Asks: 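Here's a structure for you.
Below, read A as the first sequence line, B as the second, and so on, with proteins coming before strands; counting in each chain starts at 1. Quantities reported herein were computed from a predicted structural model and do not represent experimental measurements.
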2 protein chains.
Amino acid sequence: MSSPEQASEPERVRAPNIRDVARVAGVSYQTVSRALNDSPSIRPETLARVQAAIEELGYRPNQAARALVTSRSRTIGVLAAQTVHYGPATSIQAIETAAREAGYRLSITNISSSEYASIKAGLDHLMAQSIEALIVIAPQVRVFEALDDLQVAVPFVTLEATGLNTAHSLWVDQIQGARLATRHLIDLGHTEIMHISGPQDWIEAEARMQGFLRELGDADLRTRAPILGDWTAHFGYYAGLELLRYRDFTAVFCGNDQMALGFMHACRETGLSVPGDMSIVGFDDIPEAAHFAPPLTTVRQNFAEIGRRAIELLLGELRGDTELSHAPVQPELIVRQSTARLA
Amino acid sequence: MSSPEQASEPERVRAPNIRDVARVAGVSYQTVSRALNDSPSIRPETLARVQAAIEELGYRPNQAARALVTSRSRTIGVLAAQTVHYGPATSIQAIETAAREAGYRLSITNISSSEYASIKAGLDHLMAQSIEALIVIAPQVRVFEALDDLQVAVPFVTLEATGLNTAHSLWVDQIQGARLATRHLIDLGHTEIMHISGPQDWIEAEARMQGFLRELGDADLRTRAPILGDWTAHFGYYAGLELLRYRDFTAVFCGNDQMALGFMHACRETGLSVPGDMSIVGFDDIPEAAHFAPPLTTVRQNFAEIGRRAIELLLGELRGDTELSHAPVQPELIVRQSTARLA
DNA sequence: TCCGGTGATGTGTACGTTCACATCAGCAGG
DNA sequence: CCTGCTGATGTGAACGTACACATCACCGGA
């Protein structure tokens with residue numbers, strides 16, 4: 001009753017399949033299959049006939065059927081946190097492009113929190129799609145624990161972590177980056193240097209903190225307890241207002257550019273000039289950093305490079321290429337105008 | 001011959017299927033299928049037996065097989081440009097979460113340029129996955145032309161466009177937002193107001209420009225040709241340096257916050273105080289905007305809301321619910337410290 | 001002339017699931 | 001005691017593709 005016979009809308013026309021194409025082209029369905037998978041043993045003129053038929057019918061291969069019969073989903077899963085941030089977003093974009101060029105598609109799942117249950121749910125959602133490989137861009141410590149625990153059955157890499165879990169990770173050398181930033185401040189004569197870190201359970205935050213502490217240690221300078229932030233400009237601002245009540249430091253190394261921005265805001269409100277009274281270094285080099293007031297000295301990470309390398313690595317592993325390069329990507333110090341020699 | 005019997009590695013163990021589960025549970029495969037699709041006609045104790053078997057075997061339904069037989073991919077395609085930007089990224093995250101909760105997965109494809117070929121390639125890539133619905137977050141004019149031309153066969157919505165193509169679009173009222181921003185400047189006594197717009201082929205840019213021009217027109221103020229930018233802070237900076245050579249205006253309405261940031265940078269370099277000598281309004285309210293120097297007056301868009309509504313709309317359409325709300329989301333003016341009354 | 005080989009094409013089957021229909025036991029009503 | 005119904009479960013297809021194998025025409029060499 002729901003389908004009037006003479007409806008103007010043709011009743012759910014079935015999409016053409018290879019048998020339809022075969023009929024039109026006057027060949028067998030297997031020949032069509034061969035044409036689709038560019039088999040060598042097909043005559044050029046037969047191929048042309050098949051292609052014409054495909055064109056005529058507007059035929060599209062059915063991926064589900066393909067996936068079913070080959071048991072290859074051609075899907076790479078991405079488990080991500082904080083995808084709105086510049087770093088992850090840039091990496092994901094590079095990943096998507098590289099994956100698409102290689103004939104893979106991406107399935108992205110965001111985890112809302114670093115709770116074990118949330119991670120497990122995200123991972124389940126991905127595994128249920130029988131992904132062939134996994135990329136994890138969620139550098140919280142707990143994610144790694146969950147990953148170990150859940151026994152991921154496919155090749156995977158983790159991004160933006162550092163050092164640990166090396167067999168599967170691909171990373172910018174955050175420790176080195178933090179050392180560059182800290183060394184820069186030391187070279188400028190600063191001896192009282194503060195660090196505003198990212199959240200404690202983020203591996204990146206931990207690594208940057210380590211780099212900071214080691215570099216201070218190597219220079220025999222006093223180390224202070226870093227402030228644990230949350231990556232946001234808001235935090236940098238409020239932390240700045242708090243810290244600047246005691247002006248017992250002359251430089252700050254911030255865990256990322258956003259917190260540096262907030263800190264600069266606090267400096268302005270407190271009447272401190274940057275870099276005259278306070279030198280500030282960030283981390284990431286987001287595109288906006290060059291236009292902060294003043295332009296921010298920061299550590300640049302090549303997020304796109306990391307993304308491309310991740311796909312390269314995974315596709316290599318899927319092909320069976322063993323041991324591709326896991327060498328960390330080197331960060332780069334970008335000196336702008338938020339740092340100056342201590343008067 | 002390729003599989004030594006006593007190999008330590010079990011030769012490609014086939015994943016369990018419903019027949020395996022059925023065997024273990026002592027029922028037929030169809031009963032397992034019923035258990036999976038929570039059919040009403042299954043005895044509780046049978047259901048329990050099946051669930052135990054599923055647990056024991058670690059069975060996961062094969063999505064490809066499901067998709068093949070039901071011809072429902074449970075996939076929503078997203079065609080996106082500029083996913084690293086705050087707005088699109090926020091929307092996508094909301095979309096992903098909402099989709100996942102509804103049992104759908106997302107397939108995101110970035111288009112690298114607004115070339116017709118690039119759009120068509122992206123759309124093809126998505127259609128090849130037999131997506132059930134499509135979300136377009138690529139508010140370039142050409143994308144709409146391509147969409148018309150390619151005869152998208154599934155329900156779709158376009159985001160962040162405005163006005164035109166109303167049957168399929170979901171939008172923040174950009175014109176209204178631009179009017180709010182412009183009205184705010186006029187109310188402060190400014191009469192010479194400049195506009196730095198986004199790229200000409202972006203619908204959002206066009207709409208904001210329209211809102212700007214109309215509001216000026218309503219106030220009988222002189223309108224000047226807007227500058228066509230590219231959304232980046234860099235552009236805002238260089239445009240600012242150029243424009244500020246002639247100080248024949250006292251306020252700027254920038255097409256987004258990044259360009260406003262760059263413009264503020266140019267003001268500092270030129271020795272102009274903001275808002276003393278120059279009032280600046282942005283658009284988007286990215287999280288950093290509150291910490292610019294000075295904190296930026298801007299127009300807030302609820303990107304997450306848009307994302308959620310997109311999924312809601314599409315799922316409704318897939319269910320056959322006709323005519324859900326397409327009402328535009330209202331933007332909000334956030335007044336901070338980058339604007340002041342004309343002296 | 002016949003044979004084996006090769007290149008091009010066709011036929012059967014399997015992948016894992018759901019849909020349509022068949023079966024079967026149990027039970028109420030005549 | 002039979003009929004018809006209902007709830008629970010089972011059987012046979014089908015979805016669209018790729019793999020393994022079969023077939024066929026053709027060719028060169030003995």
Side-chain angles (χ1 to χ4, degrees), chain A residues 2-3 12-51 53-54 57-75 103 127-130 132, chain B residues 1-3 11-51 53-54 57-75 103 127-130 132:
Chain A
S2 67
S3 61
R12 203 48 167 139
V13 275
R14 186 176 54 74
N17 59 25
I18 50 171
R19 294 186 139 91
D20 298 321
V21 174
R23 203 173 309 119
V24 171
V27 295
S28 77
Y29 57 85
Q30 176 57 14
T31 301
V32 176
S33 174
R34 271 188 271 263
L36 292 171
N37 300 291
D38 41 48
S39 145
S41 62
I42 183 169
R43 269 193 313 165
E45 62 190 76
T46 312
L47 179 59
R49 268 222 313 284
V50 172
Q51 280 168 340
I54 287 174
L57 295 176
Y59 164 81
R60 285 174 189 282
N62 182 314
Q63 304 270 10
R66 270 194 173 163
L68 178 59
V69 72
T70 58
S71 56
R72 300 197 49 195
S73 63
R74 295 227 154 243
T75 300
M127 297 310 279
Q129 300 171 42
S130 49
E132 292 184 35
Chain B
M1 74 282 183
S2 66
S3 60
E11 180 71 21
R12 202 54 168 133
V13 276
R14 186 175 53 75
N17 60 26
I18 49 171
R19 295 187 140 90
D20 298 322
V21 174
R23 203 172 310 118
V24 170
V27 296
S28 77
Y29 57 85
Q30 175 57 13
T31 301
V32 176
S33 174
R34 272 189 270 264
L36 292 171
N37 299 291
D38 42 48
S39 147
S41 62
I42 184 169
R43 270 192 313 165
E45 61 190 76
T46 313
L47 178 59
R49 269 222 312 287
V50 171
Q51 280 169 338
I54 287 174
L57 295 175
Y59 165 82
R60 284 174 190 283
N62 182 315
Q63 305 270 10
R66 267 192 176 166
L68 178 59
V69 72
T70 59
S71 57
R72 300 198 48 197
S73 63
R74 295 228 154 242
T75 301
M127 296 311 278
Q129 300 170 44
S130 48
E132 292 185 34

Asks: Looking at S130(B) and S73(B), would you say the former's side chain and the latter's main chain have a donor-acceptor pair under 3.5 Å?
Replies: no
Asks: How close or far is atom P of dG7(D) from atom CG of L47(B), stated in whole angstroms?
Replies: 18 Å
Asks: Look only at the side chain of R19(A) and the backbone of Y29(A), and say whether a donor-acceptor pair between them is shorter than 3.5 Å.
Replies: no
Asks: Using a cut-off of 4.0 Å on non-hydrogen atoms, how would the nucleic acid contact of T31(A) be classed: base, sugar-phosphate, or nothing?
Replies: sugar-phosphate
Asks: Between dT9(D) atom C1' and R49(B) atom CZ, what is the distance in whole Å?
Replies: 11 Å
Asks: Is the backbone of Q63(A) close enough, under 3.5 Å, to the side chain of Q129(B) for a donor and an acceptor to pair up by distance?
Replies: no
Asks: Polar-atom pairs under 3.5 Å, protein N or O versus N or O of nucleotides 16-22 of chain D: list them with distances, or write none.
Replies:
{"residue": "dG16(D)", "atom": "OP2", "partner": "N17(A)", "partner atom": "ND2", "Å": "3.4"}
{"residue": "dT17(D)", "atom": "OP1", "partner": "Y59(A)", "partner atom": "OH", "Å": "2.3"}
{"residue": "dT17(D)", "atom": "OP1", "partner": "N62(A)", "partner atom": "N", "Å": "3.1"}
{"residue": "dT17(D)", "atom": "OP2", "partner": "I18(A)", "partner atom": "N", "Å": "2.6"}
{"residue": "dA18(D)", "atom": "OP1", "partner": "N37(A)", "partner atom": "OD1", "Å": "3.3"}
{"residue": "dA18(D)", "atom": "OP1", "partner": "N37(A)", "partner atom": "ND2", "Å": "3.3"}
{"residue": "dA18(D)", "atom": "OP1", "partner": "R66(A)", "partner atom": "NE", "Å": "2.7"}
{"residue": "dA18(D)", "atom": "OP1", "partner": "R66(A)", "partner atom": "NH2", "Å": "3.3"}
{"residue": "dA18(D)", "atom": "OP2", "partner": "S33(A)", "partner atom": "OG", "Å": "2.8"}
{"residue": "dA18(D)", "atom": "OP2", "partner": "N37(A)", "partner atom": "ND2", "Å": "3.4"}
{"residue": "dC19(D)", "atom": "N4", "partner": "Q30(A)", "partner atom": "OE1", "Å": "2.8"}

Asks: When rounded to the nearest 0.5 angstrom, what distance separates CG in D20(B) from CD1 in I54(B)?
Replies: 12.0 Å
Asks: Counting C-beta onward and ignoring hydrogens, is there a side-chain heavy-atom pair between N62(B) and L68(A) closer than 4.5 Å?
Replies: yes
